Undergrad: 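Just dropping this structure here.
These figures come from a predicted structure and were not determined experimentally. To find a chain, count down the sequence lines: A is the first, B the second, and so on, and within it residues start at 1.
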Number of protein chains: 2
Amino acid sequence: MNASQRREGLIALLRSDRNPTMGDLALELGVSVRTVRRDVAALRLRGMDIEGERGRGGGIRFARFAPLPPLYLEEHEAVGLWLSVQLSHLVSGIPFSRGSQTAVNKVLASLPEQRRRNLRRLAERIIVAGTASENIRASMGETVPTLLSAFERCFSEGRCLGFDYQDRKGARTRRRIEPHGIFVDVPVWYIVALDLDKDAIRMFRMDRISNPRALRQGFEPSQEVLETFLAETDAPASRRLSGG
Amino acid sequence: MNASQRREGLIALLRSDRNPTMGDLALELGVSVRTVRRDVAALRLRGMDIEGERGRGGGIRFARFAPLPPLYLEEHEAVGLWLSVQLSHLVSGIPFSRGSQTAVNKVLASLPEQRRRNLRRLAERIIVAGTASENIRASMGETVPTLLSAFERCFSEGRCLGFDYQDRKGARTRRRIEPHGIFVDVPVWYIVALDLDKDAIRMFRMDRISNPRALRQGFEPSQEVLETFLAETDAPASRRLSGG
DNA sequence: CATTAATAGGTCAGTTCTTGGCCTATTTGG
DNA sequence: CCAAATAGGCCAAGAACTGACCTATTAATG
């Protein structure tokens, strides 16, 4: 029996037995007390709330009544968490950053199947490209405060988005788009979209958008639009859900 | 990371990713393909229904319903998650970033009481200051790969840390410190510490550290050291762990 | 139909990790 | 004060893991 099997057995024993001593468990599991002690320490490190009572008559047990609130994340929260971790990984070499990747994987894995599927579909439409050049940084303007909520809603619910757009030359035009993807080049981001009027795939920089509004019209989010766009623009390496 | 931790990570990945290849998983987990193969074999032995598809375009996946795993985050994972969200908030106005804050609060709230307390104590010792100037960015060097794991361990377990340090003028000295705090100025970070030999509070930049090693000697992590340091240096506004 | 990309798994040497024994410190009940 | 229990440091011997290299097999692609 290897360590991980034995630890599963230990958990089972802790569930059934009321208040065993380390000695009891050692006998039961056929290993030394020192090893049981180490196993318990390992389970505690893994986050299990096992309490020990010292002194004569003592023992260990799962902490009484720890009715943990079930983890319910809304879609935008789960996506936000995932995106935060991806973004922070652009800055490598910060303490605990490796842990954040495994953590977000665990969190996402602990969500119910249906939600996980939706999430994957959403995340596949988000490309974290890298960090913007000084030029772009310097030229970056403010984001209209109403854009975020309108865009988040349209992007995840599959609704078309309307806004006024100011292009590089300063010309303003009114647009109606299907927002299929997000392209992030920290701290700038772009909407990769099908322009309904021009019937062509276009990229819209967030700080050039004004008067955003969710439209009635829905659309079928498609990764294809994003793929096509990426293929055309010869984009750099990207981060996908649990993909590095 | 040991084998059982890695296998947990593997399960999480298999639940999140659609149909990864052994190669994908190996990259993600930082081990060889052969080891992933062995891990998958071990999980199958443990009764998990993981099916593999051979040939080009193949991969592996859970065959049917894999039971919902309980969410167990290790300390470094929880801290990493929290820190990632704090860091990503330095870049405001990215879609879904507001959701990430409430998400991380929910996740932390779902951890057992004991762990939440530890976590809060750890997070209180981390200061996310802001973004470094171009000057600092340009002068930034590489981080020694072994520093992260040694430092993470010493920082969270309350162990002293030893290393060689090269100061601004290029002089190299050997140091022994109590790492009380982390000061992050993206993408640079500093250890705020008590220098044991000089008996004074000092800040050490991560890219000037070499030959890090965990020392036997322990210490009592104290927020006071960090506070003192911050008061002395007139540091900018900081982010702390909220709500948890 | 050859090539390529994938799963699957055998073998072996080197290394790392686990284990048990022994130890100290601390807490608790009698 | 003593006995029993948790808690955990340290160390040597041994077990298990890991990566490299290998073969076999399967499936898609051109």
Undergrad: Rounding to a whole Å, what distance do you find between Ile50(B):CD1 and dG9(C):P?
TA: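 Between P of dG9(C) and CD1 of Ile50(B): 12 Å.
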Undergrad: Using five base pairs at each end to define the local axes, how bent is the helix from dC1(C)-dG30(D) to dG30(C)-dC1(D), to the nearest 10°?
TA: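 End axes: 40° apart.
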Undergrad: Counting only distance, no hydrogens or angles, is the base of dG19(D) paired donor-acceptor with the side chain of Arg38(B) under 3.5 Å?
TA: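 Indeed, a donor on one side and an acceptor on the other fall under 3.5 Å apart.
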Undergrad: For a quick check under 3.5 Å, do Arg115(A) and Tyr72(A) share a side-chain donor-acceptor pair by atom type?
TA: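 Yes, because at least one side-chain N or O of Arg115(A) sits under 3.5 Å from a partner of the opposite role on Tyr72(A).
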Undergrad: Heavy-atom nearest nucleotide on DNA chain C for Gly55(B) versus Ala3(A): which residue maps closer to 5'?
TA: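 First, find each residue's nearest nucleotide; the 5'-ward one identifies Gly55(B).
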Undergrad: Between Leu10(A) (CG) and dT19(C) (C1'), how many Å, whole number?
TA: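 Spelled out: CG on Leu10(A) to C1' on dT19(C) is 16 Å.
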Undergrad: Regarding Gly23(B), tell me which of base, sugar-phosphate or nothing describes its non-hydrogen contacts under 4.0 Å with the strands shown.
TA: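 Counting heavy atoms under 4.0 Å across all strands, no contact is made by Gly23(B).
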Undergrad: Do Arg37(A) and dG20(C) have a side chain to base donor-acceptor pair shorter than 3.5 Å?
TA: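 Per atom types, no contact qualifies.
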Undergrad: Reckon Val31(B) touches a base, only the sugar-phosphate, or nothing at all at heavy-atom distances under 4.0 Å?
TA: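 Sugar-phosphate: the residue Val31(B), judged by heavy atoms under 4.0 Å, touches backbone atoms but no base.
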Undergrad: Quickly, which of Leu196(B), Val225(B), Ile201(B) forms a side-chain contact (heavy atoms from CB on, under 4.5 Å) with Glu178(B)? Name it, please.
TA: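 Testing Glu178(B) for a side-chain contact (heavy atoms from CB on, under 4.5 Å) against Leu196(B), Val225(B), Ile201(B) leaves exactly one candidate, Leu196(B).
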Undergrad: For Phe151(B) and Trp189(B), take the angle between the two ring planes, folded into 0 to 90°, and tell me which bin it lands in: parallel under 30, tilted 30 to 60, perpendicular over 60.
TA: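 Phe151(B) and Trp189(B): tilted rings.
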Undergrad: Return the 5'-most residue of the pair Gly58(A), Gly57(B) with respect to DNA chain D, ranking by each residue's nearest nucleotide.
TA: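 Here Gly58(A) is the residue nearer the 5' end.
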Undergrad: Rounding to a whole Å, what distance do you find between Arg56(A):CZ and dA4(D):P?
TA: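 After rounding, the reported distance stands at 6 Å.
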Undergrad: Whole Å only: how far is the CG atom of Leu14(B) from the P atom of dT7(C)?
TA: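 Leu14(B) atom CG is separated from dT7(C) atom P by 11 Å.
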Undergrad: Hey, is the side chain of Thr35(A) poking within less than 4.0 Å of OP1 or OP2 on dG20(C), counting only N and O atoms?
TA: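 Answer is yes, contact under 4.0 Å.
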Undergrad: Can you work out whether Arg54(A) or Gly30(A) has the more 5'-proximal nearest nucleotide on DNA chain C?
TA: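 Its nearest nucleotide lies further toward 5', so the answer is Gly30(A).
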Undergrad: Using only heavy-atom distances, determine whether the side chains of Glu74(B) and Gln5(B) contain a donor-acceptor pair under 3.5 Å.
TA: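 Judged by distance alone, the side chains do pair up.
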Undergrad: Pick the nucleotide of DNA chain D nearest each of Val33(A) and Met1(B); which residue has the one closer to the 5' end?
TA: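 Result: Val33(A).
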Undergrad: Consider only side-chain N and O atoms of Arg175(B) and Thr173(B), and report whether a donor and an acceptor are under 3.5 Å apart.
TA: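 Distance-only check passes for Arg175(B) and Thr173(B).
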Undergrad: Please state whether the base of dG10(C) and the side chain of Arg34(B) form at least one donor-acceptor pair under 3.5 Å?
TA: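 Yes.
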Undergrad: Of the candidate nucleotides dT7(C), dC10(D), dG20(C), which contains the atom at the shortest distance from the side chain of Ser32(A)?
TA: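 Minimum distance to the Ser32(A) side chain belongs to dG20(C).
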Undergrad: For Arg56(B), what residues pass the side chain to side chain donor-acceptor pair (under 3.5 Å) criterion, not counting sequence neighbours?
TA: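 Applying side chain to side chain donor-acceptor pair (under 3.5 Å) to Arg56(B) gives none.
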Undergrad: Got a second to check how far Leu81(B)'s CG is from Gln86(B)'s CD, nearest 0.5 Å?
TA: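 Here the rounded value is 10.0 Å.
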Undergrad: If I take atom CD1 in residue Ile60(A) and atom C1' in nucleotide dA5(D), what distance separates them, rounded to the nearest angstrom?
TA: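 The answer, rounded to whole Å, is 11 Å.
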Undergrad: Taking CE from Met22(A) and C1' from dA4(D), how many angstroms apart are they, rounded to a whole number?
TA: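 Roughly 13 Å, once rounded to whole Å.
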Undergrad: Check for me whether Arg174(B) meets the cation-pi criterion with Phe163(B), that is, NZ or CZ under 6.0 Å from the six-membered ring centre and within 45 degrees of the ring axis.
TA: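 No cation-pi geometry.
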Undergrad: Whole angstroms only, please: what is the CG-P distance between Asn19(B) and dA28(D)?
TA: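 Distance check: Asn19(B) CG to dA28(D) P gives 12 Å.
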Undergrad: Calculate the interatomic distance between Asn2(A) atom CG and dC17(D) atom C1'; express it in whole Å.
TA: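 Going from CG in Asn2(A) over to C1' in dC17(D) covers 11 Å.
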